[in-house]
Amino acid sequence: MPRGPVAAAAAMLAAVMLAAPAAQAAPERSGAGAVVSTAAVTEAAGRSYTATAVTGNVRTTLRFTFNGGPKLTRANLDRVGARLGLGKGSLRAAPVRTARTGAAERPSATLRCDKNPSWSNANGTLAARFNCHHSTINWGFKISARVQSVITGNVHESGVSWWRNGRRMPKNAGHVVGRSYHFHGTLKPVRHADHVQFQDYMTFRVNIGGRPGTGSLTWAADVTAKK
């Protein structure tokens, strides 16, 4: 599949949010899976930060809250951002509530039979393939090396939730695995012209510059399968 049309509509979202374990919540669905959001979190003032990047129609939001310690200076924010592959000035103090973003905000990508497109950003790489011969979509996700470098334990993956033509389908199995694991799964049945939205949610402990926290990563995609 040509990269341009896919990248222009893939709507893959990835979010990293570091917060106290009790404040974590799985993404919620609205509009048949079209919207991916994280619930509001209780955050200590001055310890929560966020950065958003958009490349084509791929949107990445990085968010974290430290368990304790002083507010980061601008210079410290840029040092943390550089470690995570973010541009200078990208990392900023976060609002109290997490931002709400969704695949429905952008048009669906066309996923052609037997093509193997992938979308990469600072948080990881998502790949997807429409196997029209077996009426499935195969997906894979790999957390980026830079994000892996701040993860201090296993990754708890909820398992992919997905919707076909607006109808919720059975969820993929979740995993508790090491940070370098190549997450993957199969969505079925998927047939020509089906509109498919799918998303995943992962949580893990982190340590950035000696300061611990809990992180989460959310990604989502919106595609239309074509032969």
Side-chain angles (χ1 to χ4, degrees), residues 1-16 26-38 52-61 100-144 147 155 157-175 177 181-202 216-227:
M1 181 190 313
R3 182 178 179 83
V6 173
M12 182 186 78
L13 314 177
V16 179
E28 296 177 347
R29 175 176 75 88
S30 176
V35 175
V36 175
S37 68
T38 46
T52 298
V54 178
T55 304
N57 274 29
V58 176
R59 182 184 179 90
T60 302
T61 300
R100 192 173 170 85
T101 54
E105 297 173 359
R106 303 178 186 278
S108 178
T110 298
L111 195 61
R112 294 286 179 184
C113 182
D114 291 339
K115 301 299 181 182
N116 297 279
S118 63
W119 307 272
S120 297
N121 56 43
N123 293 331
T125 298
L126 171 67
R129 178 175 73 121
F130 174 40
N131 187 339
C132 61
H133 313 290
H134 296 283
S135 300
T136 65
I137 285 179
N138 307 110
W139 65 268
F141 185 83
K142 183 84 169 180
I143 299 173
S144 73
V147 174
V155 175
E157 182 224 5
S158 68
V160 163
S161 296
W162 69 291
W163 295 259
R164 188 188 69 196
N165 301 323
R167 180 180 178 183
R168 185 158 192 162
M169 304 299 290
K171 187 177 181 180
N172 281 185
H175 299 81
V177 292
Y181 184 74
H182 184 193
F183 297 91
H184 61 280
T186 300
L187 312 179
K188 61 182 180 182
V190 177
R191 299 180 177 89
H192 173 74
D194 279 349
H195 178 208
V196 176
Q197 297 163 303
F198 53 110
Q199 64 187 51
D200 205 356
Y201 181 73
M202 307 171 186
S216 70
L217 187 147
T218 303
W219 60 260
D222 184 320
V223 302
T224 298
K226 295 283 188 178
K227 289 186 177 179

How about [X] and [Y]: do any of their side-chain heavy atoms sit closer than 4.5 Å?
X: Phe130; Y: Thr224; result: no
X: Arg112; Y: Pro117; result: no
X: Arg164; Y: Pro189; result: yes
X: Met202; Y: Ile143; result: yes
X: Phe198; Y: Asn172; result: no

Inter-residue atom distance [X].[atom1] - [Y].[atom2], 0.5 Å rounding:
X: Cys113; Y: Ile137; atom1: SG; atom2: CD1; answer: 10.5 Å
X: Asn131; Y: Asn116; atom1: CG; atom2: CG; answer: 9.5 Å
X: Asn165; Y: Gln197; atom1: CG; atom2: CD; answer: 9.5 Å
X: Asp194; Y: Leu111; atom1: CG; atom2: CG; answer: 11.5 Å

**Message:** Going by the rule side chain to side chain contact (heavy atoms under 4.5 Å, CB included), which residues pair with His184 if we only count those two or more places apart in sequence or in a different chain?
**Reply:** Tyr181
**Request:** Output all residues satisfying side-chain hydrogen bond (donor to acceptor under 3.5 Å, both in side chains) with Ser161, sequence neighbours left out; order by chain, then residue number.
**Result:** Arg168
**Item:** For Arg129, side-chain hydrogen bond (donor to acceptor under 3.5 Å, both in side chains) partners two or more places apart
**Value:** Asn138
**Item:** Side-chain H-bond candidate by donor/acceptor type, Ser144 with Asn123, under 3.5 Å
**Value:** no
**Item:** Distance-only side-chain donor-acceptor flag, Thr125 / Ser118, under 3.5 Å
**Value:** no
**Request:** Mark yes when over 12 heavy atoms from residues, nucleotides or ligands other than His192 sit less than 6.0 Å from its NE2; otherwise mark no.
**Result:** yes
**Over 12 foreign heavy atoms within 6.0 Å of NZ, Lys188** = no
**Message:** Using the rule given for side-chain contact (heavy atoms from CB on, under 4.5 Å), can you reason through Val177 versus Glu157, listing the C-alpha separation, both sets of side-chain angles and the distance that settles it, and then say yes or no?
**Reply:** CA-CA 8 Å; Val177 292; Glu157 182 224 5; 5.9 Å; no
Exercise: identify the closest heavy-atom pair between [X] and [Y]:
X: Val147; Y: Ala122; result: CG2-O, 3.8 Å
X: Lys171; Y: Ser158; result: CE-O, 3.2 Å
X: Gly140; Y: His182; result: CA-NE2, 3.8 Å
X: Ser108; Y: Val223; result: OG-C, 2.9 Å

**Derivation of the side-chain contact (heavy atoms from CB on, under 4.5 Å) call for Phe183 and Val155** = CA-CA 10 Å; Phe183 297 91; Val155 175; 3.7 Å; yes
**Prompt:** Does the pair His133 and Asp114 meet the rule for a side-chain contact (heavy atoms from CB on, under 4.5 Å), with working shown?
**Reply:** CA-CA 9 Å; His133 313 290; Asp114 291 339; 2.6 Å; yes
**Asked** Where do Trp139 and Asp200 land on the side-chain contact (heavy atoms from CB on, under 4.5 Å) test, with the steps shown first?
**Response** CA-CA 11 Å; Trp139 65 268; Asp200 205 356; 4.0 Å; yes
**Item:** Trp163 side-chain N/O to Met169 backbone N/O, donor-acceptor pair under 3.5 Å
**Value:** no
